[in-house]
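Just so you know, ligand 1 is whichever comes first in the structure, and atom 1 is the first atom listed for that ligand. Owing to the predicted nature of the structure, the values given are computational and were not obtained by experimental measurement.
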Amino acid sequence: MKVVKLEDILGTEQDVDGGNWVSRRLITKKDGMGYSVNDTIIKAGTETHIWYKNHLEAVYCIEGEGEVVTLSDNKVWPIKKDTLYALDQNDEHLLRGITDMRVVCVFNPPLTGNEIHGEDGAYAVDED
Ligand code: 9YT
């Protein structure tokens, strides 16, 4: 078994500053779980274009509030504490932080750990 503490990730290469968000990568590909887990803060007042074409992501909000706009239908999905959204269709979306929003993100396939978004809002495919 392994135990990962947020305090052990802070300030390491698994503590990734994406500009509009900071993502603390608790479990990554190297841990061999088949998925990755991040503790992420979406910053208040930000809007981020995201399109994970190569990954499925579930996002569970544990603090704060924001909203997601799915771009296929322009639907606005309010997100707040105790709410999970799942990008089960690789949905292209805008992510807005209204307050600072703390979320737990699970990715399949797992992130290698240091990804930041490309210009198209995606993370690259891990070729290993
Ligand atoms: C919720 C979301 O997609 N935020 C952007 C950052 C990303 N989830 C990550 O790498 O933690």
Side-chain angles (χ1 to χ4, degrees):
M1 195 182 102
K2 84 176 44 170
V3 173
V4 181
K5 294 185 181 177
L6 179 59
E7 66 193 50
D8 296 332
I9 301 293
L10 298 177
T12 71
E13 62 181 12
Q14 286 176 226
D15 181 359
V16 178
D17 186 347
N20 289 350
W21 45 266
V22 288
S23 176
R24 291 75 66 91
R25 303 214 158 137
L26 301 168
I27 292 286
T28 63
K29 184 181 178 189
K30 69 174 169 25
D31 295 300
M33 299 291 287
Y35 52 81
S36 58
V37 181
N38 307 334
D39 177 325
T40 298
I41 308 285
I42 311 299
K43 295 181 187 168
T46 61
E47 178 179 272
T48 307
H49 172 239
I50 298 174
W51 192 4
Y52 295 129
K53 301 168 202 176
N54 309 312
H55 298 84
L56 297 174
E57 185 194 25
V59 181
Y60 185 54
C61 179
I62 56 173
E63 290 174 14
E65 64 179 305
E67 57 191 21
V68 171
V69 184
T70 41
L71 294 180
S72 60
D73 54 8
N74 282 323
K75 190 164 175 186
V76 179
W77 305 79
I79 305 296
K80 62 179 183 180
K81 184 179 181 309
D82 301 343
T83 306
L84 179 142
Y85 65 92
L87 300 164
D88 60 338
Q89 304 295 320
N90 302 97
D91 311 68
E92 183 179 13
H93 62 285
L94 302 176
L95 174 62
R96 296 177 179 147
I98 294 174
T99 65
D100 276 0
M101 184 167 60
R102 187 175 180 196
V103 294
V104 177
C105 309
V106 176
F107 279 86
N108 171 25
L111 301 183
T112 58
N114 52 9
E115 288 91 345
I116 55 169
H117 295 150
E119 285 183 11
D120 58 355
Y123 289 145
V125 183
D126 176 31
E127 304 287 0
D128 290 346

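For ligand 1, the atoms lying closer than 4.0 Å to a non-hydrogen atom of Leu95 are 1 (C), 2 (C), 4 (N). Heavy-atom proximity to Ser23, at under 4.0 Å, picks out these atoms of ligand 1: 9 (C), 10 (O), 11 (O). Shown in contact with Glu57 at under 4.0 Å from a heavy atom are these atoms of ligand 1, numbered in order with element: 1 (C), 2 (C), 3 (O), 8 (N). Taking every non-hydrogen atom of Phe107 and a distance limit under 4.0 Å, the qualifying atoms of ligand 1 come out as 8 (N). Counting atoms of ligand 1 from 1 in the listed order, those under 4.0 Å from a heavy atom of Tyr85 are 1 (C). Below 4.0 Å from some heavy atom of Ile42 lie the following atoms of ligand 1, by number and element: 4 (N). Interface of Thr40 with ligand 1, defined as ligand atoms under 4.0 Å from a residue heavy atom, comprises 9 (C), 11 (O).
Scanning for salt bridge (charged side-chain N to carboxylate O under 4.0 Å, His left out) contacts around Lys75 gives an empty result, with sequence neighbours left out. Applying the side-chain hydrogen bond (donor to acceptor under 3.5 Å, both in side chains) criterion to Asp73, with sequence neighbours excluded, gives Thr70.
For Arg25, a nitrogen or oxygen atom sits less than 3.5 Å from a nitrogen or oxygen atom of ligand 1, counting backbone and side chain alike.
Closest to atom 9 (C) of ligand 1 by heavy atom, among Asp39, Ile50, Val22, Asn38, is Asn38.
Heavy atoms only, all atoms of each residue included: Ile42 and Val103 are closest at CG1-CG2, 4.3 Å.
The number of heavy-atom neighbours closer than 6.0 Å to NZ of Lys53, taken from other residues, nucleotides and ligands shown, is above 12. The number of heavy-atom neighbours closer than 6.0 Å to NZ of Lys30, taken from other residues, nucleotides and ligands shown, is above 12. In the displayed structure, Tyr85 atom OH is contacted under 6.0 Å by more than 12 heavy atoms of other residues, nucleotides or ligands.
At least one heavy atom of Cys105 sits closer than 4.0 Å to an atom of ligand 1.
Contact of the Arg96 side chain with the Met101 side chain is not registered, since no non-hydrogen atoms from C-beta on lie closer than 4.5 Å.
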